Structure formats: C-alpha cells, structure tokens
Protein chains: 2
Amino acid sequence: MDGNKKQAIQEDTAARLRAAGLRPTRPRVALASLLLGRGHRHLTAETLHAEAAKAGVRVSLATVYNALHQFTEAGLLRQVVVDAARSYFDTNTGEHQHFFCEDDGRLIDIPGDAIAVSHVPAPPRGMAVRRVDVVVRIKRG
Amino acid sequence: MDGNKKQAIQEDTAARLRAAGLRPTRPRVALASLLLGRGHRHLTAETLHAEAAKAGVRVSLATVYNALHQFTEAGLLRQVVVDAARSYFDTNTGEHQHFFCEDDGRLIDIPGDAIAVSHVPAPPRGMAVRRVDVVVRIKRG
DNA sequence: TCAACAGTTTAGAATTATTCCAAAGAAGAA
DNA sequence: TTCTTCTTTGGAATAATTCTAAACTGTTGA
Ligand SMILES: [Mn+2]
Ligand SMILES: [Mn+2]
Ligand SMILES: [Zn+2]
Ligand SMILES: [Zn+2]
C-alpha cells in the first residue's frame, strides 16, 4: 500500500473517531485503520495486537483492549460471545448472525436477512430486548 | 428434608451416574443430587460450590469443575455461553433457549417450542450443525 | 474379605484472559 | 506556548479455570 493511500485512510479514520467522540490519537488511528480497512472481520485482542505488531505499530495490549471497548461503545465494532475462553470483536456492525466452528474457533457471518428468529416471547415486565443473538455451532463431520 | 428421602434421591442419583459411566463417588453424588434435585436451574461453578458448602458438603472447587464438565459430557447438563466472564451450566438439557439479563447476569428459559429459527443456511462443506443457540439479551428500561 | 488397580479428589501452584494503576506522554483549547 | 484533559503503557493485580502430583476411594476378582 503506498503512502498516499495509507494517509488518506488514516485521515478518514481520524474523522470517524472524532465523530465518535474519540481523540484520533496515533494508536487509535492505527488500530482503527487496521480494523476498518479490510472488509468484515472477527478478531480477538491478541489477534489485533499481533497484527498491529506485524504492521509495525507498537501499541501495548492494554491499549488494544481499551480501543476495542471504546470502539464497541462507539458502535464501530460489535462484541460476539461464543466461547467462554476469549472475546471476539466483529467489524461487521450490521444485523447478522454467526456460525461458530468449535474445532478451530473461527466465526463465519450469516447475513441478517438469511436467518429469522420468530416468536420471541416478550421479556419480563420492565425489561427491553437489546439484541437477539443466534450462534450456529458447527464441527467437522 | 428427612434422611430417608435424601437417601432415596442419592440412590437414584448414583444409578444415573453409573448409567452415565461415572463412578458414584461421594462428591459426585452430592453435587448431582443438588443439581438434579430441584427443577431447572442455571448456575456457575462458584454458585454450585457455595451451595454445596451451605448443604454441608465439603468439595474442592477443582472437583466442582471436574463434575460440571463430566456431567455435561454425559448429557446431564448443558453449558451455556452468554457472558465472556463466566460459564453457566444448565440443568435443563431439553431443547430451549434463553433470555440473558445483562444487568444481573440472570438466565431465563425460553421453551423450545415457543421460539423458532428459520432459514439457517447450510454449514460449510464437511461441517455439521451441533446446535443452534439463541440468546435474547435484555436489560432494564 | 481384602488386596490391588484404576479412577477420583484435592490443595495449591500455574495459566490465561483481562483489568487496574500510577506515572509519563500527547492532543486540543486558549 | 502553556495549561488542562485525555491517553498510553509497563507491570502488577484479578479472576476464572486448569493443572499437578500425591493421597484416597470404589470396584473387582482372588
Ligand atoms: Mn461479513
Ligand atoms: Mn478469564
Ligand atoms: Zn460477524
Ligand atoms: Zn436453560
């Protein structure tokens, strides 16, 4: 990727962060560029940290965790809970669901209009539905 | 609960464990009796450990974890993943789904015949669907 | 009845993911 | 610039869970 394009992406990213009420600091711009640059992805804090390192961005793991949570709060990411051991973050914030491969821990998107959940009962009085998550657990065989 | 009834429950439990290929040891019988005695419940290792202690059963936390996993493997329990922080176990192994209250971490059953997931796409070639989990996340307000 | 083996329990250490902390650094406003 | 407010960060702290190796117990078959 040439320098001009990279800079353009970063300015775009900075604008998104500012719009979300987050200071476009060097670490945040770098992480957000990595995250939001290349289509939809599912990744963990460790994954992102490693990817940043490979891209020559030196950020602490604490900063990666901070950024992931702040981005999620800001609606730039969505957190996916499928495995008790680790937390996944999803750059696809649109309505969709997931296959979760129990063999290798991989997540695969299921378009939101492909799947339908019907007859969800009303929640207990005083409670509001925040989201309906569907996880289709799959395995080899 | 009188002694006779308690003993009857324990003999019943021992039989279930034996049928599942698990030696009916004192800790396992005690835990299984607590778990399978009183209707459907959702609980964590800590919860069960505390409950055992209150019932006068001294078992280590390691044993609680072992038992929960073995019981799950044997089909006496089902594990529910809704919160990245802790693992829930469900004494209801029938087909059903859950409300998850994000305020207090409580799980509420949704009968399996009340909810329906349709148009689940076929999994990738060579993969089989193990289960479809639906979590309706709710909160106050 | 009981030895002997295999499976089980357990205390405590280890592991792992994640969060916390307090000091040093960087961004925005003036 | 200068000042103020966020941010970042290395390292310590947490918390859930797993591991380990030694002690213990259920089962079996002499
Ligand atoms: Mn996608
Ligand atoms: Mn954890
Ligand atoms: Zn996704
Ligand atoms: Zn349930």
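Letters go in sequence order (proteins before strands), and every chain restarts at 1. Given the structure is predicted, the values throughout are model-derived calculations rather than measurements.
- Toward the 5' end of DNA chain D, the nearer of the two residues L61(A) and R23(A), judged by each one's closest nucleotide, is R23(A).
- Rounded to whole Å, atom P of dT17(D) lies 13 Å from atom NE2 of H49(B).
- Contact annotation: R26(A) side-chain N/O to dT9(D) OP1/OP2 distance is under 4.0 Å.
- Between H98(A) and D133(A), the side chains place no donor N or O within less than 3.5 Å of an acceptor N or O (distance only, hydrogens not considered).
- Of the candidate nucleotides dT17(D), dG26(D), dT9(C), dG26(D) has the atom lying nearest to any side-chain atom of P24(B).
- Between dT10(C) and T63(B), a contact under 4.0 Å exists linking OP1 or OP2 to a side-chain N or O.
- Distance, E46(B) CD to dT14(D) C1': 13 Å, rounded to whole Å.
- Between L17(A) atom CG and dC6(D) atom P the separation is 17 Å, expressed in whole Å.
- Listed pair T44(A) / dA17(C) fails the phosphate criterion, with no side-chain N or O lying under 4.0 Å from OP1 or OP2.
- A donor-acceptor contact closer than 3.5 angstrom is absent between the side chains of H96(A) and D113(A).
- The phosphate of dA17(C) (OP1 or OP2) has no side-chain N or O of S87(A) nearer than 4.0 angstrom.
- Using a distance-only test at 3.5 Å, with no hydrogens or angles considered, a donor-acceptor pair links the side chain of T72(A) to the main chain of L68(A).
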Could you go through the side-chain hydrogen bond (donor to acceptor under 3.5 Å, both in side chains) check for N92(A) and H42(A) one step at a time? CA-CA 8 Å; N92(A) 180 355; H42(A) 305 107; over 6 Å; no
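- As judged by a 4.0 angstrom heavy-atom cut-off over every strand, H69(B) is placed among residues touching the sugar-phosphate backbone only.
- If you measure from atom CD of Q70(A) to atom C1' of dA27(C), you get 15 Å, rounded to the nearest angstrom.
- Each of dT8(C), dA11(C), dA16(D) was ranked by its minimum atom distance to the side chain of A62(B); first place goes to dA11(C).
- Distance, Y88(A) OH to dT18(C) C1': 16 Å, rounded to whole Å.
- The CG atom of L31(B) sits 14 Å away from the P atom of dT8(C) (whole-angstrom rounding).
- When rounded to the nearest whole Å, the span between CZ of R58(B) and C1' of dT10(C) equals 12 Å.
- Taking only side-chain nitrogens and oxygens, Y65(B) never comes nearer than 4.0 Å to OP1 or OP2 of dT18(D).
- Distance R86(A) CZ to dT15(C) C1': 14 Å, rounded to the nearest Å.
- Dense packing is recorded around CZ of R137(B), with more than 12 heavy atoms of other residues, nucleotides or ligands lying under 6.0 Å away.
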